[in-house]
Chemist: 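My questions will all concern the structure given below.
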Amino acid sequence: MIVVLKRGATAEMIQRMIRRVEDLGLKAHVIEGTERTVIAAVGEKRSETVRETLESCEEVEKVVPILASYKVASKETKPEATVVRVRDLVIGGGHVGVIAGPCSVESEAQIIESAKLVKEAGATGLRGGAFKPRTSPYAFQGMKEEGLKLLAAARDATGLAVVTEVMTPHHVELVAKYADVLQIGARNMQNYHLLQAVGETRKPVLLKRGPSATIEEFLLAAEYILDQGNKDVVLCERGVRTFETHTRFTLPLATVPYLHEKTHLPVVVDPSHGTGIASLVLPMSTASVACGADGLIIEMHPDPRKAMSDAQQTVSPEVFRQIMAQAKTVAAALGRTVG
Ligand code: PEP
Ligand code: MN
């Protein structure tokens, strides 16, 4: 249920309403809008008496049901778009935030050089996996904590916001010590304990869509993070598994405007994993900006042929500069900015 408070509700009134909601056995999520404050009262309990009890409070204007299964993520609860900001990385609100860097952190020289190239090209986020989810247990698994330290050094050298994956609840504290944004990988989209653990932090979370997850499952996964009180969730479309084999995954861009109709959370596109083919990353990045993406996450390596993971989908610094230029042209035509 959405408890809409009367215009000009004071902090004291809001606190009183939170207590009332909690006393009824529900969780209260306060959403401060530009117009007024609403409280999303969520939980299993849902009855007409609960609604009537809340509606009878003098500070309440009305109580309306939330129809979507994902409550806090729904646009019904918060019509205004959420903008996620960390360092100079801004995702949403008319700004296309660009995150780029190698699939994996491989060495100090590689990540520092990558960071400098990304920064020079005008992006504000640096990606790089230190804990890598690999299909084969024999493939390179990442540099782990050493990799996190190198990412922090790259941030110190450039000021870029560091985006890196956390694979297990046990590592959340460790990864959060070094990262600016915690990435939840596609394979972990429905790892509910991990979602709750990152939800307990106050670091922004980039949640990748599972390769076979429906949009509703995707939004319910985001809801697990929001339910813990972490408001900074960024959704990432990274392609789904279909019958098609010409690309690694199938990248459905209609997801972007569809999600914008259903949720206030910003939506980023990953055309690298979405296609698996380096030559397709430039056109699909441009298309992502054209259909309204709030950000891009791109795999770029100083020398893609030498990349230790995902070499075939990794673009060169030169192609990355072209991606930035085209993204800027398209965004400008649509009244948005890129960086
Ligand atoms: C990655 O970003 O390198 C990655 C492993 O992505 P995904 O979880 O989307 O496969
Ligand atoms: Mn990768």
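Heavy-atom basis, side chains included; hydrogens, waters and symmetry copies ignored.
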Chemist: Using a strict cut-off of less than 4.0 Å between a Lys/Arg side-chain nitrogen and an Asp/Glu carboxylate oxygen, indicate whether Arg20 and Asp23 qualify as a salt bridge.
Modeler: no
Chemist: Using the rule given for side-chain contact (heavy atoms from CB on, under 4.5 Å), can you reason through Glu106 versus His301, listing the C-alpha separation, both sets of side-chain angles and the distance that settles it, and then say yes or no?
Modeler: CA-CA 10 Å; Glu106 299 167 3; His301 191 286; 3.1 Å; yes
Chemist: Any side-chain heavy atom of Val105 sitting closer than 4.5 Å to one from Leu151?
Modeler: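 Touching, per the 4.5 Å side-chain cut-off.
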Chemist: If the threshold is 4.0 Å, N to carboxylate O, is there a salt bridge linking Arg16 and Glu59?
Modeler: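 Looking at Arg16 and Glu59, the cut-off is met.
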Chemist: Output yes when Glu61 and Arg7 qualify as a salt bridge under the 4.0 Å nitrogen-oxygen rule, no when they do not.
Modeler: no
Chemist: Can Arg51 and Glu48 be counted as an ion pair, charged N to O under 4.0 angstrom?
Modeler: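 Looking at Arg51 and Glu48, the cut-off is met.
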Chemist: Determine yes or no for a side-chain-to-main-chain donor-acceptor pair under 3.5 angstrom, with Glu237 supplying the side chain and Val256 the backbone.
Modeler: no
Chemist: With side chain to side chain contact (heavy atoms under 4.5 Å, CB included) as the test, pick out the partner of Glu76 among Val38, Leu67, Thr263.
Modeler: Leu67
Chemist: Would Lys203 and Asp232 pass as an ion pair if we require N to O under 4.0 Å?
Modeler: no
Chemist: Taking C-beta and beyond as the side chain, do Met143 and Lys149 meet within less than 4.5 Å on heavy atoms?
Modeler: no
Chemist: Do Arg321 and Glu318 sit within salt-bridge range, that is, some charged N less than 4.0 Å from a carboxylate O?
Modeler: yes
Chemist: I'd like to check Met167 versus Arg187 (side-chain heavy atoms, cut-off strictly below 4.5 Å). Are they in contact?
Modeler: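 No, too far: nothing below the 4.5 Å cut-off.
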Chemist: With the side chain counted from C-beta on, respond yes when Lys75 and Glu261 share a heavy-atom pair under 4.5 Å apart, and no when they do not.
Modeler: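 With C-beta onward as the side chain, the pair stays apart.
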Chemist: Keeping the roles fixed (side chain from Thr255, backbone from Pro252), state whether a donor-acceptor pair exists under 3.5 Å.
Modeler: yes
Chemist: Checking side-chain polar atoms at under 3.5 Å, does Arg134 have a donor or acceptor matched by the opposite partner on Gln141?
Modeler: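 Gln141 and Arg134 do not have a side-chain donor-acceptor pair below 3.5 Å.
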Chemist: Within the structure provided, determine whether Leu194 and Val172 are in side-chain contact (heavy-atom separation under 4.5 Å).
Modeler: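 The answer is yes, as the side chains (C-beta and beyond) meet within the 4.5 Å cut-off.
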Chemist: Do Gln190 and Leu220 come within less than 4.5 Å of each other through their side chains, counting heavy atoms only?
Modeler: no
Chemist: Could you check whether any side-chain heavy atom of Val267 comes within less than 4.5 Å of a side-chain heavy atom of His260, counting everything from C-beta outward?
Modeler: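 The answer is yes; the side chains approach within 4.5 Å.
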Chemist: Is Lys27 salt-bridged to Glu22, going by a charged N under 4.0 Å from an acidic O?
Modeler: no
Chemist: Can you confirm whether or not the ring centre of His273 sits under 6.0 Å from the ring centre of Phe249?
Modeler: no
Chemist: Tell me if a side-chain donor or acceptor on Arg336 pairs with a main-chain N or O of Ala293 at a distance below 3.5 Å.
Modeler: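 Such a contact is found between Arg336 side chain and Ala293 backbone.
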Chemist: Glu165 vs Lys208, test: salt bridge (charged side-chain N to carboxylate O under 4.0 Å, His left out). Steps then yes/no.
Modeler: CA-CA 10 Å; Glu165 179 162 354; Lys208 292 191 135 195; over 6 Å; no
Chemist: Should Leu251 and Pro271 count as side-chain neighbours, where that means a heavy-atom distance under 4.5 Å?
Modeler: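 Result yes, sub-4.5 Å side-chain heavy-atom pair found.
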Chemist: Identify the heavy atoms of Leu126 and Ile99 that sit nearest to each other, and give their distance.
Modeler: C-CG2, 4.0 Å
